[in-house]
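Numbering of residues begins at 1 and proceeds along the displayed sequence.
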Amino acid sequence: MSKQFIEVTDKWISLITVFYYVEGALYELIEDYGCVDPKVRLEGSSSTPVVEYCCEEITEEPDELISIEEGKENNVITSYRYCDDACKEGEGLYSLLNKIVNQTLVKSIELLTPYTYLTSQSGVEYLLIVLNNGKGYLIEGEENKVAVPISRALFSLHTHPNNCLLSPHDVRALSNTLMFRGIGGGVVSRDCYMILVRSGPFTEEDLIDLIKFRNSLRKMRVDDLNDYLRKGFVGANLRIYTNYLHIY
């Protein structure tokens, strides 16, 4: 019997990909054009918006931004332009990320919840993944296993049969997603969820803290794990979104 492989189309999936290209473009503006305090505004269709950007100060306006040109090639961005109004009416990059993350968390858990019941009965895991080409997919895996692609993944959420603690392998896959400027990933089950999402840039210090978090999971250091839950963060920029209050 063939496994399920379903394309998922929704506004929140498009917004994750738009953010990926916009973030890359704002890094270009800061590093190559001396942009100070960039702001961005998305106009038009949420699936293929027009990106307006502005800087409080800039040495010169670029003819093109490589990252957003990629977004246009993948048909997730219609066009882009420098616009002074974006400085007044736009928002900072990570304020935009926070709004996208909030939608992503609600919608992705809602979408996978019916599959958590299938996983609890059969052990077969299901993966929801968003790629940097703007596509979202729901993929049926195997018993107690589903593979997250190393590259091109911007967000992933998969089902577990009994609990929502990330495995060391899950954290390793997540670290690859974050290093490729993805926004996060995690696990959902019938009664729980645990998702790690960015609230800012993923730094080298965040990676070191994520490795420590993985080691705590691997060795089941319960006190350390509960300390992470209490703080609500792994490192400075990786937020823990979960309904676990305490791990016993």
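Using a cutoff of 4.0 Å between basic side-chain nitrogens and carboxylate oxygens, Lys99 and Glu91 are scored as salt-bridged. Salt-bridge annotation for Lys39 and Asp37: present, with a side-chain N of the basic residue lying under 4.0 Å from a carboxylate O of the acidic one. Salt-bridge formation is not detected for the pair Glu70/Lys72: no Lys NZ or Arg NE/NH1/NH2 atom is positioned less than 4.0 Å from an Asp or Glu carboxylate oxygen. Comment: Arg181 engages Glu23 in a salt bridge, judged by a side-chain N to carboxylate O separation of less than 4.0 angstrom.
Side-chain N/O atoms of Ser47 and Ser14 include no donor and acceptor closer than 3.5 Å. No hydrogens or angles considered: nothing links the side chains of Asn74 and Asn133 as a donor-acceptor pair under 3.5 Å. A side-chain donor from one of Asp206 and Thr203 sits under 3.5 Å from a side-chain acceptor of the other. A side-chain donor from one of Tyr80 and Glu69 sits under 3.5 Å from a side-chain acceptor of the other.
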Could you check Leu138 against Leu127 for side chain to side chain contact (heavy atoms under 4.5 Å, CB included), going step by step and ending with a plain yes or no? CA-CA 6 Å; Leu138 178 63; Leu127 169 70; over 6 Å; no
Please determine whether side chain to side chain contact (heavy atoms under 4.5 Å, CB included) holds for the pair Tyr228 and Ser216, giving the CA-CA distance in whole Å, both sets of side-chain angles, and the decisive distance to 0.1 Å. CA-CA 10 Å; Tyr228 283 113; Ser216 295; 4.1 Å; yes
Let's go through Val124 and Thr119 carefully: what are the C-alpha distance in whole Å and the side-chain angles of both, what is the deciding distance for side chain to side chain contact (heavy atoms under 4.5 Å, CB included) to 0.1 Å, and is it a yes or a no? CA-CA 5 Å; Val124 173; Thr119 300; 5.7 Å; no
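Criterion: ILVMFWY side-chain heavy atoms under 4.5 Å apart, direct or through other members. Under it, Tyr27 and Ile16 are part of a common hydrophobic cluster. Both Val101 and Leu111 are members of a single hydrophobic cluster when ILVMFWY side chains are connected at heavy-atom separations under 4.5 Å. No continuous path of hydrophobic side-chain contacts links Leu174 to Phe180 [ILVMFWY only; heavy atoms under 4.5 Å]. Phe19 is connected to Leu15 through a chain of hydrophobic side-chain contacts under 4.5 Å among Ile, Leu, Val, Met, Phe, Trp and Tyr, so both are in one cluster. Hydrophobic clustering (side-chain heavy atoms under 4.5 Å, transitive across Ile, Leu, Val, Met, Phe, Trp, Tyr) groups Leu42 together with Leu29.
Separating the OG1 atom in Thr104 from the CD1 atom in Ile183 is a distance of 4.0 Å, to the nearest 0.5 Å. To the nearest 0.5 angstrom, Ile195 atom CD1 is 9.5 Å from Leu166 atom CG. Remark: Asn132 CG to Tyr21 OH distance equals 4.5 Å, nearest 0.5 Å. Here NZ of Lys135 is found 10.5 Å from CD1 of Ile13. Values are rounded to the nearest 0.5 Å. The line from CG of Leu105 to CZ of Arg239 is 6.5 Å long, rounded to the nearest 0.5 Å. A distance of 5.5 Å separates CZ of Arg41 from CG of Asp85, quoted to the nearest 0.5 Å.
Ser189 places no side-chain N or O within donor-acceptor distance of the main-chain N or O of Cys164, the cut-off being under 3.5 Å.
Using cut-offs of 30° and 60° for the angle between ring planes, the Tyr53 and Tyr82 rings count as perpendicular.
The 12-atom threshold is not exceeded at CD1 of Ile66, counting heavy atoms of other residues, nucleotides or ligands nearer than 6.0 Å. Within 6.0 Å of atom CD in Glu7, more than 12 heavy atoms from other residues, nucleotides or ligands are found, so the atom counts as buried in its surroundings.
Residues that satisfy the disulfide bond (SG atoms under 2.5 Å apart) test with Cys54, not counting sequence neighbours, are Cys87.
A heavy-atom distance below 4.5 Å is not found between the side chains of Leu131 and Leu154.
His246 has its ring centre no less than 6.0 Å from the ring centre of Tyr244.
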